[in-house]
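Chain identifiers are assigned alphabetically (A, B, ...) following the order of the sequence lines, protein sequences preceding nucleic acid strands; residue numbering begins at 1 within each chain.
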Amino acid sequence: MEEDFLADLRLYKPFTMPLHGVPFGLLATIFLCLGLGFAGWFMATVVTSNKYNKNIPLELVYAGISSIFMSLGIVMMLLANGVWI
Amino acid sequence: MKYIVPFLIAGFLATCCVGKLVNEDVTIEGELKGPVLRLKCMVKIRNDGRGNFKSFQFAVPPSFEQTDIRVVEQEAPLVSLLVEENSEESNYTEFKIKLNNSIQSSKTKEFIIYLDILNAVTPIRDEVRHMEEPFYLMRALWSFFSPYETDMLKVIYPLNSDQINIQEGDPEFAKVDKRFIFLGPYYKIAPYSEKLFTARFREKGPLLKMSLFEKKISISHWGAATVVEEVTIRNVGAKVTEFSRVEHFTAEQTGGMVNTAKSLPVYLPKDAYNVYYEDLIGNITSSRLREPTARGRYFEPIFRFPLLGGWKNYYWFGYTMPLSGAVKSHNGVYVVKVSAQPTVSDPLQVDKAFFRVMLPEGAYDVKLVETEPSVKALKVETFYPTLSYLGKKQFSVERSDFVADPASPATVYIFYRFSSIHLLFPIAVLALILFGILVLVLVVRHSDLKIDRNSDKEDGELALYKEIQKLLEVEKSLGKLGDTFNDNVISFGKKDETVKFKQDQNRVIGSMKELLKDLEYVYSEIVKLDTGEKRNAESVSSLHKAIIDRYAKLGNVAAQLVEGKLTQREAETDARKINDEIDICSERILVAQSSLTSHL
């Protein structure tokens with residue numbers, strides 16, 4: 001078994017991610033701005049609504065979009081700063 | 001009698017067919033690297049039998065602490081032959097070397113056996129004074145410990161010293177010439193011949209040994225591999241006493257340091273970046289890092305205090321590598337190649353070393369392949385570093401008592417499979433957590449936690465809210481009409497448009513009065529729901545009437561200006577006064593309505 005593995009080693013090529021060369025810092029900035037923007041929009045909607053004019057599905061949509069962008073932004077920020085998760 | 005002759009013939013044939021190997025010519029060259037004696041044995045083996053030999057044997061005497069051996073053919077020095085340890089019933093270590101091409105009858109083959117003897121050099125005295133050049137003892141063989149007879153043997157030991165004396169063993173034909181010990185030639189050496197001797201020599205340099213080493217590699221399929229190497233280095237030369245700072249700095253300036261090590265340079269991979277070093281107490285205060293060359297990236301952590309005899313140093317350094325330098329792939333299988341050596345620039349004895357590889361979260365079908373028998377796999381552990389939820393598996397191997405040599409092929413291969421969808425897992429979990437926090441905010445904001453609930457009161461509040469919305473619509477419409485009125489006044493400038501202007505103004509004033517009726521109706525409904533607003537309703541109604549009157553006056557002022565009945569200055573004064581009154585009325589309306597709009 002060991003010989004099988006070692007014999008095939010010549011077939012292996014250096015592996016590069018499809019995201020090779022992606023500027024993580026720029027993406028982090030963009031995603032975090034979008035995420036914080038949607039989060040602010042969500043907060044403004046929640047604060048200015050009352051029980052007569054509240055629109056919960058819309059607020060959930062804002063929350064969902066904001067959390068997706070914020071999580072992407074946080075991950076990109078970690079990668080840009082050398083924390084390879 | 002009739003059975004004896006066939007028996008003898010059979011025995012003779014068996015002896016001839018089995019064959020016999022002989023070490024025809026052996027030359028041993030030794031080299032000292034710290035406490036390690038590195039032997040290069042150039043062996044010419046002759047097959048004196050009739051059969052072919054597909055392997056041969058080699059042994060190391062029990063008095064030596066040896067490491068793994070490496071054997072190559074003289075004709076193919078880059079291909080290491082397979083070595084198996086086979087010494088269960090003997091007190092010495094015996095190796096069996098398998099050949100790619102057998103040694104045929106009456107033929108010879110040349111081999112090179114590389115062997116490292118650990119702790120072959122020891123200081124004569126445990127302690128020396130500072131700046132005193134210590135003497136060391138080297139223990140070595142002046143025979144060849146082999147299962148076969150040796151026809152001729154020559155031994156050469158170069159020592160980096162000008163004072164060399166043979167202490168014990170009294171080898172024959174020994175000659176000390178400048179910095180070399182020449183032994184031999186010796187003839188007809190019996191198998192398993194163990195003849196030891198010790199040589200005493202003076203050495204200025206340090207005797208370095210790595211007592212503990214740990215290398216951790218973490219693979220991230222986001223695009224990089226991070227490496228951390230922890231080093232514990234000791235100077236196992238004679239311990240220094242009576243340290244003198246003055247002598248030390250003088251020697252440092254003149255280049256006369258004795259028994260000290262100032263740094264431990266290493267060659268990192270060529271594509272290493274983000275290189276850093278750390279230690280617990282500030283023992284590393286300076287470093288050198290050079291641009292990559294063919295050999296690698298030179299990195300030299302410089303010790304704050306040179307490592308004197310008996311001292312040790314503990315520090316670690318790390319770097320990042322692009323994923324292409326650490327991982328290879330083929331058909332969905334990834335392989336990480338880990339050199340089972342500390343990153344050193346020169347050979348160095350190592351007591352114990354650990355090599356750990358942390359695979360990305362979600363790696364499966366993992367297989368560990370070691371190319372060196374001395375490398376032992378340890379238990380798999382699971383860790384949860386940053387944003388890891390399923391856990392990352394760490395595979396570790398251990399290696400003890402060996403010589404770290406950049407040229408050594410000792411390697412560990414880790415094969416695994418990995419699905420890229422696992423890269424999105426931390427993002428998804430983080431998004432869920434953030435979403436959960438926002439939903440919590442939503443729930444807290446919109447939840448009605450009152451214990452006392454009055455459904456009639458809630459209906460009344462809803463009705464009031466709807467009436468207030470209507471009021472705001474009416475106010476908005478009144479505001480638009482006011483803007484229309486002002487636009488007409490601004491655009492009116494010609495005398496022949498006076499009739500049309502007055503008609504438009506009357507129409508707008510009429511619309512305002514209609515809206516005022518709507519406003520009063522809405523306010524009457526509001527008063528029914530909230531009687532406290534009665535006074536506000538009356539004042540808002542009268543204020544709006546006052547505003548409508550003032551708009552009408554404004555229209556008259558504009559018409560008089562165009563007809564020439566008023567001068568520009570008089571018209572401007574009147575218009576300003578009327579607009580101020582309109583603003584005051586508007587502000588009072590806002591104040592009167594503030595109690596209502598606070599319900600929104």
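For NZ of B:Lys215, the number of neighbouring non-hydrogen atoms (other residues, nucleotides, ligands) closer than 6.0 Å is greater than 12. More than 12 heavy-atom neighbours from other residues, nucleotides or ligands sit within 6.0 angstrom of NZ on B:Lys392.
If you take OG on A:Ser67 and CD1 on B:Ile427, they are separated by 12.5 Å, rounding to the nearest 0.5 Å. Atom CG of B:Leu442 and atom CD of A:Glu59 lie 5.0 Å apart (nearest 0.5 Å). Expressed to the nearest 0.5 Å, how far CD1 of A:Ile85 lies from OG1 of B:Thr386 amounts to 8.0 Å.
In terms of heavy-atom pairs under 4.5 angstrom with chain A, the leader among B:Ser329, B:Ala224, B:Pro360 is B:Ser329. Each of A:Thr16, A:Thr45, A:Val47, A:Leu78 has some count of heavy-atom pairs under 4.5 Å with chain B, and the biggest count is that of A:Val47. Per-residue counts of heavy-atom pairs under 4.5 Å with chain A were compared for B:Asn274, B:Ile219, B:Thr320, B:Val335; the largest is that of B:Val335. Across B:Ser324, B:Pro385, B:Pro426, the residue that shares the most heavy-atom pairs under 4.5 angstrom with chain A is B:Ser324. Note on B:Ile437, B:Val441, B:Val333, B:Leu432: by heavy-atom pairs under 4.5 Å with chain A, the leading option is B:Val333.
Between B:Ala431 and A:Ile68, the closest heavy-atom pair is CB-CA, 4.2 Å. The shortest non-hydrogen separation linking A:Phe42 to B:Leu438 is CZ-O, 3.3 Å. The nearest pair of heavy atoms linking B:Tyr273 to A:Trp84 is OH-CZ2, 3.9 Å. The nearest pair of heavy atoms linking B:His330 to A:Leu11 is ND1-O, 3.6 Å. Scanning both residues, A:Ile56 and B:His446, for their nearest heavy atoms gives CG1-CD2, 4.3 Å. Of all non-hydrogen atoms in B:Phe435 and A:Leu60, the two that sit nearest each other are CE1-O, 3.6 Å.
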Evaluate the side chain to side chain contact (heavy atoms under 4.5 Å, CB included) criterion for residues B:Trp222 and A:Val83: first the C-alpha distance (whole Å), next the side-chain angles of each, then the deciding distance (0.1 Å), finally the verdict. CA-CA 10 Å; B:Trp222 280 104; A:Val83 180; over 6 Å; no

Could you go step by step and tell me if B:Phe418 and A:Phe15 meet the side chain to side chain contact (heavy atoms under 4.5 Å, CB included) rule? CA-CA 12 Å; B:Phe418 178 76; A:Phe15 171 70; over 6 Å; no

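Neither the backbone nor the side chain of B:Lys466 comes within less than 4.5 Å of any heavy atom in chain A. Contacts between B:Leu387 and chain A at a heavy-atom distance below 4.5 Å involve the side chain alone, from C-beta outward. With a 4.5 angstrom heavy-atom cutoff, B:Leu423 touches chain A only via side-chain atoms. Of the atoms belonging to A:Val46, heavy atoms from both backbone and side chain fall under 4.5 Å from chain B. Using a 4.5 Å cut-off between heavy atoms, A:Phe24 contacts chain B through its side chain alone, with no backbone atom that close. Neither the backbone nor the side chain of B:Val429 comes within contact range of chain A; no heavy atoms are under 4.5 Å apart.
Checked by atom type and distance alone, the side chain of B:Arg445 pairs as donor or acceptor with a backbone atom of A:Ser49 at under 3.5 Å.
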